[in-house]
S.K.: 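Got a structure for you, questions after.
Whatever order the structure lists ligands and atoms in, that order sets their numbers, starting from 1.
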Amino acid sequence: MSLLYSPVTLGPYTFKNRIAMSPMTRSRSQGNVPDDLVAEYYRQRAASAGLIITEGTSPSPNGLGYPRIPGIFSAAQVAGWKKITDAVHSKGAKIFVQLMHTGRIGHPNNLPEGAAVVGPSAVLAAGEMYSDAEGPKPHPTPKAMTEADVKTAIGEYELSAKNAVAAGFEGIELHGANGYLLEQFIRPNSNTRTDAYGGSIENRARFVLDVVKATTAAIGKDKVGIRLSPFGVFNDMPLYPEMEADYAYLARALNATGLFYIHLVDHSAMGAPAVPQSIKDTFRKEFKGVLILSGGYDAARAESDLAAGKADLIAVGRPLLANPDLVDRWKTGAPLNPPDMDTFYTPGAKGYTDYPVLATQPA
Ligand SMILES: Cc1cc2nc3c(=O)[nH]c(=O)nc-3n(C[C@H](O)[C@H](O)[C@H](O)COP(=O)(O)O)c2cc1C
């Protein structure tokens, strides 16, 4: 019997299957407010996934580093998201919003008036950021956050967590992966602080743990997950000798908070360095909550990793982006639509809500 396609109860939630949709930025939210088109995109994919994890969504004006990404700090944004959670629930799926503060990965052109590109320290990230006004431009050197800025940011996560519940989400996923603000605090290359938030791993993990504690206290432990990318190098985050020990510390410290899930990224199928099985095993051993694995999964590998007890849910990105009816296709062995990279981040319906489903394809 398939584990992948069978319902499962984890904590207070019963998921219709063990497939989670990986968080994927799609840059369709004009004015940083998700609209009916965004609702249609998620409604389509909620037919296949037991759990939808949304695209990175900013808890702060300062975190809107990319063009046309949504936020969840204003009333208009909360009203926009309500339509999406309703659409997803109507298909029998659950939905968590990924809270992504881009930190030093951004460009002032993408930020609203008064917002700034900030980070734990004034350490420039190599690379460029696209804006509609000027195309790709180098990242600016971020403004180093003061201790008061750190407190403000924690408050922004807390308010956004409450907004998420008001918008009808089951919960939030803190984006602690892929080189954005939370990971910028964890890693020693981007965090050179000398206060309580920098130096030892206990200090570099403090911001993440403060955010976990503030959000779990605000909305409940069963409503908070976190995504991490041990051995990830995206957005100028080099490997370093203490990486595995640092993440083992995080696994233990996060377990102590009692949050609902940890979601591990593995981008080796996209050309990134391998993520050692040992670190995934450490998370499985140390963390008693729900574990989600992601990256390059097809149905066979998902089924075998579930059967081996390596994970509770399997997150799938590009195959679901391009195939709203992924479960039907996987079950029948039908061919998959390939994802169209040219329309990953472009405005409008093309390459977003117009991927064909089996029933509408010519015989
Ligand atoms: C278009 C696109 C946008 C993405 N945006 C995000 C994001 O906002 N947050 C995040 O954590 N990961 C993001 N990712 C990474 C995916 O969540 C996932 O880890 C990656 O695609 C590998 O999984 P897959 O092989 O199933 O596609 C993105 C990936 C793609 C292709």
Side-chain angles (χ1 to χ4, degrees), residues 4 18-29 32 34 38 41-42 45 48-49 51-59 63-72 95-103 105-106 110 129-130 172-184 186 225-235 237 261-275 280 292-302 305 311 313-323 326-327 329-330 336-347 350-352 355:
L4 188 58
R18 291 189 189 246
I19 299 169
M21 180 172 163
S22 274
M24 284 179 290
T25 292
R26 303 305 312 276
S27 289
R28 258 67 176 193
S29 294
N32 310 114
V38 179
Y41 167 76
Y42 285 111
R45 282 147 189 85
S48 287
L51 170 63
I52 298 273
I53 305 166
T54 73
E55 64 209 272
T57 300
S58 184
L64 292 165
Y66 286 94
R68 290 171 267 102
I69 63 170
I72 188 158
I95 180 165
F96 275 52
V97 59
Q98 187 186 53
L99 297 187
M100 173 175 81
H101 189 311
T102 49
I105 303 302
N110 295 332
M129 174 55 69
Y130 178 89
I172 61 166
E173 174 176 290
L174 299 168
H175 195 349
N178 301 350
Y180 301 107
L181 185 67
L182 294 177
E183 192 175 88
Q184 290 161 29
I186 295 169
I226 189 166
R227 198 172 206 218
L228 298 172
S229 48
F231 292 84
V233 296
F234 188 57
N235 281 323
M237 295 308 235
Y261 75 71
I262 294 180
H263 179 181
L264 297 181
V265 172
D266 180 342
H267 284 168
S268 54
M270 300 167 104
V275 182
K280 296 182 190 178
I292 308 178
L293 293 181
S294 69
Y297 274 95
D298 59 16
R301 191 163 75 94
D305 278 7
L313 299 172
I314 298 293
V316 178
R318 291 160 298 167
L320 255 174
L321 180 158
N323 297 275
L326 184 69
V327 166
R329 290 175 190 255
W330 271 357
L336 301 187
N337 301 317
D340 172 29
M341 287 176 64
D342 292 344
T343 50
F344 274 1
Y345 308 111
T346 48
K350 190 170 178 310
Y352 190 53
Y355 280 102

S.K.: Could I get the full list of side chain to side chain donor-acceptor pair (under 3.5 Å) partners for Arg28, not counting sequence neighbours?
M.R.: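 For Arg28 there are no side chain to side chain donor-acceptor pair (under 3.5 Å) partners, ignoring immediate neighbours.
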
S.K.: Any donor and acceptor pair, going by atom type alone, linking the side chain of Gln184 with main-chain N or O of Gly179 inside 3.5 Å?
M.R.: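 Yes, Gln184 side chain to Gly179 backbone: donor-acceptor pair under 3.5 Å.
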
S.K.: Between the side chain of Thr102 and the main-chain N/O of Gly63, is any donor-acceptor distance below 3.5 Å?
M.R.: yes

S.K.: Between Leu64, Ile69, Ile105, Thr54, which is the residue that forms a side-chain contact (heavy atoms from CB on, under 4.5 Å) with Met100?
M.R.: Ile69

S.K.: For Phe96 and Tyr261, I'd like to know if the aromatic rings sit close, meaning centre-to-centre distance below 6.0 Å.
M.R.: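 Yes, the ring of Phe96 comes within the 6.0 Å limit of the ring of Tyr261, centre to centre.
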
S.K.: Check each N or O atom of ligand 1 against all protein N or O atoms and list the pairs under 3.5 Å, with atom names and distances to 0.1 Å, one per line.
M.R.:
{"from": "ligand 1", "atom 1": "5 (N)", "to": "Thr25", "atom 2": "N", "distance (Å)": "2.8"}
{"from": "ligand 1", "atom 1": "8 (O)", "to": "Thr25", "atom 2": "N", "distance (Å)": "3.3"}
{"from": "ligand 1", "atom 1": "8 (O)", "to": "Thr25", "atom 2": "OG1", "distance (Å)": "2.6"}
{"from": "ligand 1", "atom 1": "8 (O)", "to": "Gly56", "atom 2": "N", "distance (Å)": "3.2"}
{"from": "ligand 1", "atom 1": "9 (N)", "to": "Gln98", "atom 2": "OE1", "distance (Å)": "2.8"}
{"from": "ligand 1", "atom 1": "9 (N)", "to": "His175", "atom 2": "NE2", "distance (Å)": "3.4"}
{"from": "ligand 1", "atom 1": "11 (O)", "to": "Gln98", "atom 2": "NE2", "distance (Å)": "2.9"}
{"from": "ligand 1", "atom 1": "11 (O)", "to": "His175", "atom 2": "NE2", "distance (Å)": "3.0"}
{"from": "ligand 1", "atom 1": "11 (O)", "to": "Arg227", "atom 2": "NH1", "distance (Å)": "2.7"}
{"from": "ligand 1", "atom 1": "12 (N)", "to": "Pro23", "atom 2": "O", "distance (Å)": "3.3"}
{"from": "ligand 1", "atom 1": "12 (N)", "to": "Arg227", "atom 2": "NH1", "distance (Å)": "2.9"}
{"from": "ligand 1", "atom 1": "14 (N)", "to": "Pro23", "atom 2": "O", "distance (Å)": "3.4"}
{"from": "ligand 1", "atom 1": "17 (O)", "to": "Pro23", "atom 2": "O", "distance (Å)": "2.7"}
{"from": "ligand 1", "atom 1": "17 (O)", "to": "Arg227", "atom 2": "NH1", "distance (Å)": "3.0"}
{"from": "ligand 1", "atom 1": "17 (O)", "to": "Arg227", "atom 2": "NH2", "distance (Å)": "3.4"}
{"from": "ligand 1", "atom 1": "19 (O)", "to": "Arg227", "atom 2": "NH2", "distance (Å)": "2.9"}
{"from": "ligand 1", "atom 1": "19 (O)", "to": "His267", "atom 2": "NE2", "distance (Å)": "2.7"}
{"from": "ligand 1", "atom 1": "25 (O)", "to": "Gly296", "atom 2": "N", "distance (Å)": "2.7"}
{"from": "ligand 1", "atom 1": "25 (O)", "to": "Arg318", "atom 2": "NH2", "distance (Å)": "2.7"}
{"from": "ligand 1", "atom 1": "26 (O)", "to": "Gly317", "atom 2": "N", "distance (Å)": "2.8"}
{"from": "ligand 1", "atom 1": "27 (O)", "to": "Arg318", "atom 2": "N", "distance (Å)": "2.8"}
{"from": "ligand 1", "atom 1": "27 (O)", "to": "Arg318", "atom 2": "NE", "distance (Å)": "2.7"}

S.K.: Out of the candidates Leu320, Ile52, Leu313, only one should pair with Ile19 under the side-chain contact (heavy atoms from CB on, under 4.5 Å) rule; please name it.
M.R.: Leu320

